[in-house]
Asker: 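Before I ask anything, here is the structure I am working with.
All values derive from a computational prediction rather than experimental measurement.
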Amino acid sequence: MIVSNLSSYLPLFINVEGLKVLVVGGGKVGTKRALKFAESKAIVYVVSLEFKDENELRLFDNIHLIKNDARYLPENFLSRFNIIVVATNDKELNERICETCKKLGKLCNNPTNPDSSNFIVPIYGIEKGVGIAITTFGKSSLTSKYLLDLIRSNILKENIFSLVDTMGKVKEILKLNVTEPSISFMFYSKIFYDDKFRYYVDRGEIDLAIQRAREIIYGR
């Protein structure tokens, strides 16, 4: 099923370190989600009667396996978690758990039915301080991956990473020298679109780029 109402979705990058994540289902999808959250340093609990890749899951100290029947998870158990992923092979059970979690004010992802979820796990990549996330809202994860690969191979060149890092340095200079946010943003935009500044960045001449930024800020 594909998400029908896209207007209420807002893309976010969330720091999940230390958050409690419950994955209901120990199959292929549940294992994949559990490993992904564990790699991001969340505290992950996986509930299932069977675990498809138990040895892989046990490689992580922050993954805890609970052998239990997902049909009988009480609300007071679900309420302990910040994020819940339902990935059993029972679609009706997944939807029922997700609806309960949403009523409890929790974030719930149902990979079998994005329309019953209140968040979606996108295809994403983070490289050299640049994060890109893509979703087709349930239509095609393969297309999302294809788009991400296109961006990586055709857009994320070394000059883009240099631009990101240099603009970060410009922001720090402005924080120390300009107190008014609107004026700071004016300078920030002017520097970003300055041909000379961008010429130096593209050539990897970062010191000259910063010097040009200072010229724009100080008017000399």
Asker: Using a cut-off of 6.0 Å, state whether more than 12 heavy atoms not belonging to Glu50 lie near its atom CD.
Answerer: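 At most 12 heavy atoms, drawn from other residues, nucleotides or ligands, come within 6.0 Å of this atom.
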Asker: Hey, are the side chains of Val16 and Lys41 touching, using non-hydrogen atoms and a 4.5 Å cut-off?
Answerer: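 In short, these two side chains do not touch, never coming nearer than 4.5 Å.
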Asker: Surrounding OH of Tyr146 (heavy atoms of other residues, nucleotides or ligands, distance under 6.0 Å), is the total greater than 12?
Answerer: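 Atom OH in Tyr146 is not packed in, count stays at 12 or less.
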Asker: Do the non-hydrogen side-chain atoms of Val21 and Asn82 ever get within less than 4.5 Å of each other?
Answerer: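 No, too far: nothing below the 4.5 Å cut-off.
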Asker: Quick one: does Thr135's side chain get under 4.5 Å of Ile123's, heavy atoms only?
Answerer: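 When only atoms from C-beta onward are counted, Ile123 and Thr135 do not touch, as no gap falls below 4.5 Å.
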Asker: May I have all residue pairs that pass side chain to side chain donor-acceptor pair (under 3.5 Å) and include part of residues 184-196, sequence neighbours excluded?
Answerer: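 Qualifying pairs: Asp194-Arg212.
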Asker: So, the side chain of Lys157 versus the backbone of Ser153: is there a donor-acceptor pair under 3.5 Å, distance only?
Answerer: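 Yes, because the side chain of Lys157 sits within donor-acceptor range (under 3.5 Å) of the backbone of Ser153.
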Asker: Determine the minimum heavy-atom distance between Ile132 and Phe13, stating which atoms define it.
Answerer: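 Reported closest heavy-atom pair: N-CZ, 4.1 Å.
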Asker: From the options Leu78, Ile84, Leu22, select the one residue that forms a side chain to side chain contact (heavy atoms under 4.5 Å, CB included) with Lys106.
Answerer: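 Only one option passes, and that is Ile84.
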Asker: Would you find a donor on one side and an acceptor on the other, under 3.5 Å apart, between the side chain of Ser117 and the backbone of Asn110?
Answerer: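 The answer is yes, because a donor-acceptor pair under 3.5 Å joins these two groups.
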Asker: Of all residues at least two apart in sequence or in a different chain, which pass the salt bridge (charged side-chain N to carboxylate O under 4.0 Å, His left out) check with Asp53?
Answerer: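 Listed in chain order: nothing, the list is empty.
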Asker: So does Ile43 get a backbone contact from the side chain of Asn62, meaning a donor-acceptor N/O pair under 3.5 Å?
Answerer: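 Pair absent, no side-chain N/O of Asn62 close to backbone of Ile43.
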Asker: Give me the atom names and distance for the closest heavy-atom approach of Val47 to Asn68.
Answerer: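 Shortest heavy-atom separation between Val47 and Asn68 comes out as CG1-O, 3.8 Å.
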Asker: Listed by chain and number, what are the salt bridge (charged side-chain N to carboxylate O under 4.0 Å, His left out) partners of Lys128, not counting sequence neighbours?
Answerer: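 Counting only residues at least two positions away or on another chain, Lys128 forms a salt bridge (charged side-chain N to carboxylate O under 4.0 Å, His left out) with Glu158.
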Asker: Does the side chain of Thr136 come within less than 4.5 Å of Ser144's, by heavy atoms?
Answerer: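 Counting from C-beta outward, Ser144 and Thr136 do come under 4.5 Å.
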Asker: Could you report the tightest heavy-atom contact between Val201 and Ala209, atom names first, then the distance?
Answerer: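 Minimum heavy-atom separation between Val201 and Ala209: CG2-CB, 3.7 Å.
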Asker: Give me each pair satisfying salt bridge (charged side-chain N to carboxylate O under 4.0 Å, His left out) with a member in residues 172-189, each pair once, sequence neighbours excluded.
Answerer: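 Found Glu172-Lys175.
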Asker: Quick one: which residue pairs count as a ring-ring contact (aromatic ring centres under 6.0 Å, His included) with a foot in residues 20-75, not counting sequence neighbours?
Answerer: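 Checked against ring-ring contact (aromatic ring centres under 6.0 Å, His included) - neighbours excluded - the pairs reaching residues 20-75 are Tyr45-His64, Tyr45-Phe81.
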Asker: Would you mind reporting whether Asn94 and Asn113 have side-chain heavy atoms less than 4.5 Å apart?
Answerer: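 Not touching, per the 4.5 Å side-chain cut-off.
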Asker: Run the disulfide bond (SG atoms under 2.5 Å apart) check on Cys101 and Cys108 step by step: do they pass?
Answerer: CA-CA 6 Å; Cys101 291; Cys108 186; 4.6 Å; no
Asker: Is the shortest side-chain heavy-atom distance between Ile66 and Val46 below 4.5 Å?
Answerer: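 Heavy-atom side-chain distance check fails, nothing below 4.5 Å.
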Asker: If every non-hydrogen atom of Ser116 is compared with every non-hydrogen atom of Cys98, which pair is closest and at what distance?
Answerer: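 Here Ser116 and Cys98 meet closest at O-SG, 3.6 Å.
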Asker: Under a 4.5 Å cut-off applied to non-hydrogen side-chain atoms, are Val24 and Ser48 in contact?
Answerer: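 Sidechains of Ser48 and Val24: no contact.
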Asker: Could you walk me through whether Leu35 and Ile63 pass side-chain contact (heavy atoms from CB on, under 4.5 Å), step by step?
Answerer: CA-CA 8 Å; Leu35 293 173; Ile63 294 181; 4.0 Å; yes
Asker: Sequence neighbours left out, what pairs pass side chain to side chain donor-acceptor pair (under 3.5 Å) with at least one residue falling in residues 19-36?
Answerer: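 Passing the test, one end in residues 19-36: Arg33-Asn109.
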Asker: Using only heavy-atom distances, determine whether the side chains of Tyr200 and Asp207 contain a donor-acceptor pair under 3.5 Å.
Answerer: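 No, Asp207 and Tyr200 have no side-chain donor paired with an acceptor closer than 3.5 Å.
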Asker: Indicate yes or no: at least one non-hydrogen side-chain atom of Phe119 is less than 4.5 angstrom from one of Ile14.
Answerer: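 No - every pair of side-chain heavy atoms lies 4.5 Å or more apart.
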